Engineer: 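Attaching a single structure in structure tokens format; questions to follow.
Only this structure's heavy atoms are used, side chains among them; waters, hydrogens and symmetry mates stay out. Here is how names work: the chains are called A, B, and so on, in the same order as the sequence lines, proteins then strands, and each is numbered from 1. Here the structure is a predicted model, which is why all the values come from computation and not from measurement.
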Amino acid sequence: DAGVTQSPTHLIKTRGQQVTLRCSPKSGHDTVSWYQQALGQGPQFIFQYYEEEERQRGNFPDRFSGHQFPNYSSELNVNALLLGDSALYLCASSKGDNPYNEQFFGPGTRLTVL
Amino acid sequence: AQSVSQHNHHVILSEAASLELGCNYSYGGTVNLFWYVQYPGQHLQLLLKYFSGDPLVKGIKGFEAEFIKSKFSFNLRKPSVQWSDTAEYFCAVNARNRDDKIIFGKGTRLHILP
């Protein structure tokens, strides 16, 4: 049973560029949440997708957008990259949008913005 | 706004020592509480959670946590640590009946000396 997978593992971009990160949820899961984890910090909630809709959003600007596909996989897009966007981006999946359901995390994508 | 505070950023213990990691949150309403662990080179994973009922929660690998509502605390404990407990530990909270976004603390790095 495959767990949560994310691609790519590492990514280097320059300021102003755009990036797309991808996530495949654990088998049987239909909800995907994205987090940003800066160095020395805990994960910060970006947004959650369920039934192909953004259900909740954290305190992130509109430069951060996402999408969920019919197969429940998800993408995180970041436009106009800033140096401060350098972080580990984590995807977590769960079954249903009930917050009581355990989230399973992927290994993350390390984004470096130069 | 909700916040989570983990008092110890870095803890070093010898094997067989007792462990207590502090976690306090700021929210006056009903909350769900979590401890997550990230072992070196591994994904973030759930250690234990509290939603309701007995405020003393048992988790995996001999960990437990006690919810003390009057102190807004959810401290993690283990009576006798092992070298394999070396990891980073994150406390997290989400407020029920509000927006359900999960807020993580900054984490505590635990290093166990063999």
Engineer: Which atoms of A:Gln37 are under 4.5 Å from chain B, going by heavy atoms: the side chain, the backbone, both sets, or neither?
Structural biologist: side chain
Engineer: Which atoms of A:Phe47 are under 4.5 Å from chain B, going by heavy atoms: the side chain, the backbone, both sets, or neither?
Structural biologist: neither
Engineer: Could you see if B:Tyr39 belongs to whatever hydrophobic cluster contains B:Leu21? Use Ile, Leu, Val, Met, Phe, Trp, Tyr and a side-chain cutoff under 4.5 Å.
Structural biologist: yes
Engineer: Do you know which two heavy atoms are closest between B:His43 and A:Val4, and how far apart they sit?
Structural biologist: CE1-O, 4.2 Å
Engineer: Do A:Tyr35 and B:Ile102 have side chains that approach each other closer than 4.5 Å (heavy atoms only, starting at C-beta)?
Structural biologist: yes
Engineer: Please tabulate, one pair per line, all N/O donor-acceptor pairs under 3.5 Å involving side-chain atoms of residues 76-91 of chain A, not counting sequence neighbours.
Structural biologist:
unit_1  : atom_1 : unit_2   : atom_2 : d
A:Asn77 : OD1    : A:Thr20  : OG1    : 2.7
A:Asp85 : OD1    : A:Arg63  : NH2    : 3.1
A:Asp85 : OD2    : A:Arg63  : NH1    : 2.8
A:Asp85 : OD2    : A:Arg63  : NH2    : 3.4
A:Asp85 : OD2    : A:Leu82  : N      : 2.8
A:Ser86 : OG     : A:Leu83  : O      : 3.1
A:Ser86 : OG     : A:Val113 : N      : 2.8
A:Tyr89 : OH     : A:Gln36  : NE2    : 2.9
A:Tyr89 : OH     : A:Asp85  : O      : 2.6

Engineer: Quick one: are B:Phe34 and A:Gln103 in side-chain contact, heavy atoms under 4.5 Å?
Structural biologist: no
Engineer: For A:Leu39, is the CG atom crowded, meaning more than 12 foreign heavy atoms sit under 6.0 Å from it?
Structural biologist: no
Engineer: Within a 6.0 Å radius of atom CZ on B:Arg77, are there more than 12 heavy atoms belonging to other residues, nucleotides or ligands?
Structural biologist: yes
Engineer: Listed by residue number, which members of residues 104-114 of chain B have a heavy atom under 4.5 Å from any heavy atom of chain A?
Structural biologist: B:Phe104, B:Gly105, B:Lys106
Engineer: Can A:Phe45 be reached from A:Leu111 by stepping across I, L, V, M, F, W or Y side chains whose heavy atoms are under 4.5 Å apart?
Structural biologist: no
Engineer: Pick from A:Gly40, A:Ala38, A:Pro107, A:Gly58: which one has the most heavy-atom pairs with chain B under 4.5 Å?
Structural biologist: A:Pro107
Engineer: Has A:Asn59 got more than 12 heavy atoms of other residues, nucleotides or ligands less than 6.0 Å from its CG?
Structural biologist: no
Engineer: Under a 4.5 Å side-chain heavy-atom rule over Ile, Leu, Val, Met, Phe, Trp and Tyr, are B:Leu48 and B:Val37 clustered together?
Structural biologist: yes
Engineer: Can you hop from B:Phe74 to B:Leu19 via hydrophobic side chains spaced under 4.5 Å?
Structural biologist: yes
Engineer: Is B:Trp35 reachable from B:Val4 through a run of hydrophobic residues whose side-chain heavy atoms are each under 4.5 Å from the next?
Structural biologist: yes
